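The first residue of the sequence shown is numbered 1, and numbering continues consecutively from there. Computed from a predicted structure; not experimentally measured.
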Amino acid sequence: MHSGRIGRLAAVTGAVLLTGACSQVTGVAGVGATSPVTAQQTTAPATTAPTAGATPVAEHQAGAVERPPGGEAPVMVPPPKLSEHSYTFPVKDCKTTYQRKLLVLPKTTIWAKEGCAFVAPVDGVVDEVNTENRWNPATDAGPDREGKFVTIIGEDGVRYLGGHLDSIAKGVKPGLRVKAGRVLGRVGRSGNARDTASNLYFAISWKTGPSSWWVRRGMVEPWDYLDAWKSGNRTLSPRAETLKLRAKLGETPPCTVMCASVQPPTTTTEPSETPTPRPTRKKKRGGGDDDGGGAVVVITPSIDSFGLH
């Protein structure tokens, strides 16, 4: 009986020793037999010096792990400002068409429905206002051809004219400071546009006195600027071109195109030339010449005197 106990004890001890030996070799399923510290120390690669031109291992591994930053919304860059001034198309809230070529004068005709608003194309000060339609086709006086009109001197130093107006806006007078888009008048057919469709006579020039009316009616071709303002480029300015042309021609260049008015017909009539009678001799009936008082003088007007030849 004592020997049986000893045998069972030996069997248990052997099993325990066998289990410990197995766990040192393989450990628990899926778990290394060595501790984490021991594993890190034994599996770390040896450090070697990088060769010339090679990317260090640490940088390469870090680059492989890093993620690019998330994309941001695009930055909206406004178009470059061509000037410090802001412009607007001179006819507001109406369908328009206009000429883009030089016909007689460097101006343009903006065709628009009668009553459409003519507005200040830029901030400035009202310069001239003509509220009367004085144009007469019999004389066709140059200063009156644009009919009712308003001019402003913009803060850019340029003068702008809107003519052929039907009416002038209330309160618009010389010296009034206006902002771009302020209504100055209404499109019409005054002046020498009375027999055409309603339109706005639009011109760009520089400030002169009223006596130099031919400068007011247009010196700088305007259609490139109108195209820009209408399409949304509100900073394209005629200032540089206007100043350059004024320096070349002078502030008051002489008038060269459509300068003279029609002269009224003369009302006085000169007396017509009186026909000069020509004496002729008529032979006396019955025979030869009478040199002793028998001749009869007959007044026969010259036909040439009446212009019937």
- Item | Asp227/Tyr98 under side-chain hydrogen bond (donor to acceptor under 3.5 Å, both in side chains): CA gap, chis, key distance, verdict | CA-CA 10 Å; Asp227 286 345; Tyr98 51 92; 2.4 Å; yes

Is the backbone of [Y] close enough, under 3.5 Å, to the side chain of [X] for a donor and an acceptor to pair up by distance?
X	Y	value
Asp140	Arg145	no
Asn199	Ile110	no
Asp127	Val125	no
Ser205	Met219	no
Thr139	Val262	no
His164	Arg189	no

- Determine whether more than 12 heavy atoms belonging to other residues, nucleotides or ligands lie under 6.0 Å from atom NZ of Lys230. yes

[X]: partners by salt bridge (Lys or Arg N to Asp or Glu O under 4.0 Å), with sequence neighbours left out:
X	answer
Asp224	none
Asp123	Lys179
Arg234	none

Answer yes or no: is there an ion pair linking [X] with [Y], defined by an N-O contact shorter than 4.0 Å?
X	Y	result
Glu221	Lys107	no
Arg239	Glu155	no
Lys148	Asp166	no

- Do any pairs count as a side chain to side chain donor-acceptor pair (under 3.5 Å) and have a residue in residues 211-220, sequence neighbours left out, and if so which ones? none

- Check: Trp229 ring centroid to Phe89 ring centroid under 6.0 Å: no

- Message: Holding to side chain to side chain donor-acceptor pair (under 3.5 Å), I want the full list of residues that pass it with Ser198, two or more places apart in sequence or in another chain.
- Response: none

- Query: Among pairs that include at least one residue of residues 244-261, which meet salt bridge (charged side-chain N to carboxylate O under 4.0 Å, His left out), considering only residues two or more places apart or in two chains?
  - Reply: none

- Item | Shortest non-hydrogen contact from Pro106 toward Leu102 | N-CD1, 3.5 Å

- Message: Before you tell me yes or no, could you show the steps for Leu236 and Tyr87 under side chain to side chain contact (heavy atoms under 4.5 Å, CB included), namely the whole-Å CA-CA distance, both residues' side-chain angles and the distance that decides it to 0.1 Å?
- Response: CA-CA 8 Å; Leu236 185 63; Tyr87 298 85; over 6 Å; no

- Can Arg177 and Val126 be said to form a side chain to side chain contact (heavy atoms under 4.5 Å, CB included), step by step? CA-CA 6 Å; Arg177 183 167 293 278; Val126 175; over 6 Å; no

